[in-house]
Amino acid sequence: MSADEGRAALVLTGGGARAAYQVGVLAAVRELRGKRPGNPFPILCGTSAGAINAVALAVHAGDFGRAVRHIQRVWRSLHVDQVYRVDPLTLFGSGLRWGAALFGGWLVRQTPRSLLDNTPLRGLLERVLDFPAIEAAIGRGDLRALSVTASGYSSGESLAFFQGAPELQPWRRAQRLGVRAELDVCHVLASAALPFVFPAVKIHREYFGDGSMRQLAPVSPAIHLGADRILVIGAGRTAEEGRVRAAGGYPSPAQIAGHALSSIFLDTLEVDLERLARINDTVGRLDEARRAEAGIALRPLECLVIQPSQRLDIIAARHAHSLPAQLRIVLRGLGTFRREGSTLLSYLLFEPSFTRALIELGYHDAMTRAGELRRFLRIDS
C-alpha cells in the first residue's frame with residue numbers, strides 16, 4: 001500500500017443475527033478484489049456481533065479471501081442452539097427464575113443474569129477463532145490493529161479493547177476510552193452481550209455488556225488507531241422509511257425491546273456519521289499547511305457506509321417459522337410474531353434461512369455500489 005492511499009479501516013457494528021448482512025458485503029469485497037494478495041483492512045473495529053466478524057477477519061489477516069470464506073461457512077450453517085440454549089428445561093428455568101425475582105424478590109437472594117443462556121456461543125467461538133493468531137498477524141505486518149468495544153456496567157464507559165502495533169497508544173475521551181489488551185473470547189462475549197438477553201461478562205474488576213450501549217462514537221476507535229479511510233458496514237437502516245404514526249394497542253414487550261435495541265444499534269451510528277461529515281466539510285476547506293498553522297490536528301477522512309437496503313425485521317418475520325418450536329412458544333408470548341414485534345426477532349433469529357437471506361442482501365447491496373467500493377479499495381479495474 002502506497003503512502004498516498006492511507007490506511008483503510010473496517011468498522012463492523014452490532015445487531016445479533018443481523019450481523020450476517022456484513023458477511024454478504026465482505027463476500028462482495030472479496031470478489032471485487034479478485035486474487036489480489038494481502039489484507040485490504042489493516043485496521044479492524046468490531047462491536048457486538050460485529051466484533052465476532054472482526055476477530056474472524058483478524059485471525060486470517062494474511063489471507064482475506066480465506067477469512068471471508070471461513071466466516072461465510074459459519075454464518076450460513078448457524079443455528080440458534082449454537083448461540084443460546086433452547087431446550088425446554090433451560091427456557092422453563094429461565095422463566096421461573098425471572099418470575100421468582102419479580103414476584104418473590106424478598107425470598108430470592110440471587111437475581112437472574114439474563115433471559116437466555118449463551119454458553120453454546122462461547123464454545124463456538126473457542127472452536128472457530130484462533131485468538132493467538134491475532135498477535136502473529138500483527139507481528140507479520142498483516143494487521144495493524146484490532147479493537148473490540150464493550151460497555152462497562154459499573155463505570156458507564158465505552159471501552160475499546162485493542163490489540164495492535166507497539167506504537168499505538170491508549171486514549172481517553174468523555175465516557176469512552178481505548179485500552180490495550182490481549183484479546184480473547186471474554187472480550188468478544190462481553191461486546192456481544194445483548195442487554196437483558198445475554199449475561200454480562202466480567203473482565204478484570206468490572207462486568208461488561210454489549211458494546212453498542214453508550215457507544216457515542218462508533219467510528220472513533222478506527223480514527224484513534226490511525227485510519228485515513230473507513231468502510232462502515234451497518235446491520236440495520238438508520239432511517240426506516242415507510243413507518244407511519246398510527247393509533248394502536250399497547251406495545252407488546254417484544255415491540256418495546258425491539259425499539260430499545262434499535263435505539264442502541266442504529267441511532268448512535270447515524271449521529272456519529274453526521275458528525276464526521278460536518279468535520280470533513282469544515283476541515284476540507286483548509287489545506288494541510290493552513291491547518292498546521294492554525295494548530296488544527298484534525299484531518300479529512302474518507303468514509304463509505306453500506307447498510308441494508310431492506311428492512312431486516314420484515315425479512316425476519318418471513319423466516320420466523322425456522323425457529324425451534326419451544327422457542328417460538330416463548331417468543332409468541334412476548335408478541336414477537338406480531339408485525340410490530342419482529343424487530344426483536346431479527347436480533348435473535350440465528351437460523352440458516354434468515355442468515356443466508358441477509359448474506360445475499362449484503363452481497364447485492366455491495367455489488368450495487370461496486371464503483372464506490374472499487375474507489376475505496378483503490379482497485380483500478
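In this chain, residues are counted from 1 in sequence order.
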Report summary line: side-chain hydrogen bond (donor to acceptor under 3.5 Å, both in side chains) filter on Tyr363, not counting sequence neighbours, yields Glu31
Query - Donor on one side chain, acceptor on other, Ser346 and Asp313, under 3.5 Å - result: no
Query raised in the report: Which residue pairs satisfy the salt bridge (Lys or Arg N to Asp or Glu O under 4.0 Å) criterion with at least one member in residues 146-175, sequence neighbours excluded?
Result: Arg144-Glu167, Glu157-Arg172
Query raised in the report: Quick one: salt bridge (charged side-chain N to carboxylate O under 4.0 Å, His left out) partners of Asp142, sequence neighbours excluded?
Result: Arg140
Requested in this report: Under the salt bridge (charged side-chain N to carboxylate O under 4.0 Å, His left out) rule, collect the residues that match up with Asp184, sequence neighbours excluded.
Outcome: none
Requested in this report: List in chain and number order the residues that pass salt bridge (charged side-chain N to carboxylate O under 4.0 Å, His left out) with Glu351, two or more places apart in sequence or in another chain; answer none if no residue qualifies.
Outcome: none
Query - Heavy-atom check, side chain of Asp81 versus side chain of Pro324, under 4.5 Å - result: no
**Report entry** Residues in salt bridge (charged side-chain N to carboxylate O under 4.0 Å, His left out) contact with Arg180, at least two apart in sequence or another chain
**Finding:** none
Query - Test item: Asp210 and Phe196 side chains (from C-beta on) under 4.5 Å apart, heavy atoms - result: no
Report task. For Phe208, enumerate each residue passing the ring-ring contact (aromatic ring centres under 6.0 Å, His included) test, keeping only those at least two apart in sequence or located in another chain. Result -> Phe161
Query raised in the report: Can you list the residues that meet the side-chain hydrogen bond (donor to acceptor under 3.5 Å, both in side chains) rule with Asn53, with sequence neighbours excluded?
Result: Gln22, Trp75
Query raised in the report: So, Arg122 side chain and Leu189 main chain: donor-acceptor pair closer than 3.5 Å or not?
Result: no
Query raised in the report: Roughly how far, to the nearest 0.5 Å, is the CG atom of Leu345 from the CG atom of Leu312?
Result: 11.5 Å
Query raised in the report: Is there a side-chain contact between Pro195 and Tyr153, using heavy atoms and a 4.5 Å cut-off?
Result: yes
Query raised in the report: Side-chain contact, heavy-atom cut-off 4.5 Å: His364 with Gln310?
Result: no
**Report entry** Polar side-chain atom of Tyr84 near backbone of Phe198 as donor-acceptor pair, under 3.5 Å
**Finding:** no
**Report entry** With Arg127 via side-chain hydrogen bond (donor to acceptor under 3.5 Å, both in side chains) - residues at least two apart
**Finding:** none
Query raised in the report: At what distance, to the nearest 0.5 angstrom, does CG of Leu57 lie from CD1 of Ile134?
Result: 11.0 Å
**Report entry** Selection residues 58-72 - residue pairs positive for side chain to side chain donor-acceptor pair (under 3.5 Å), sequence neighbours left out
**Finding:** Arg30-Gln72
Query - Of Ile233, Ile359, Thr355, Ile315, the residue whose pairing with Tyr21 passes side chain to side chain contact (heavy atoms under 4.5 Å, CB included) - result: Ile233
Query - Heavy-atom check, side chain of Leu231 versus side chain of Leu373, under 4.5 Å - result: yes
Report task. Any pair with a residue in residues 188-207 that passes side chain to side chain donor-acceptor pair (under 3.5 Å), sequence neighbours left out, goes on the list, sorted by first then second residue, please. Result -> Ser155-Glu206
Query raised in the report: Does any N or O in the side chain of Asp117 come within less than 3.5 Å of the main-chain N or O of Arg85, such that one atom is a donor and the other an acceptor?
Result: no
Requested in this report: For the pair Arg356 (side chain) and Arg76 (backbone), establish whether a donor and an acceptor sit closer than 3.5 Å, ignoring hydrogens and angles.
Outcome: yes
**Report entry** Whether Asp228 side chain and Arg7 backbone form a donor-acceptor pair below 3.5 Å
**Finding:** yes
Requested in this report: Report yes or no: does Arg229 contribute a side-chain atom to a donor-acceptor pair with the main-chain N or O of Leu304 at less than 3.5 Å?
Outcome: no
Report summary line: Residues passing the side-chain hydrogen bond (donor to acceptor under 3.5 Å, both in side chains) test with Glu135, sequence neighbours excluded, are Gln163
Query - Check: Phe376 main-chain N/O paired with Arg378 side-chain donor or acceptor under 3.5 Å - result: yes
Query raised in the report: With a 4.5 Å limit on heavy-atom distance, are the side chains of Phe64 and Pro40 in contact?
Result: yes
Report summary line: When rounded to the nearest 0.5 Å, the distance separating CG of Asp365 from OG of Ser309 is 3.5 Å
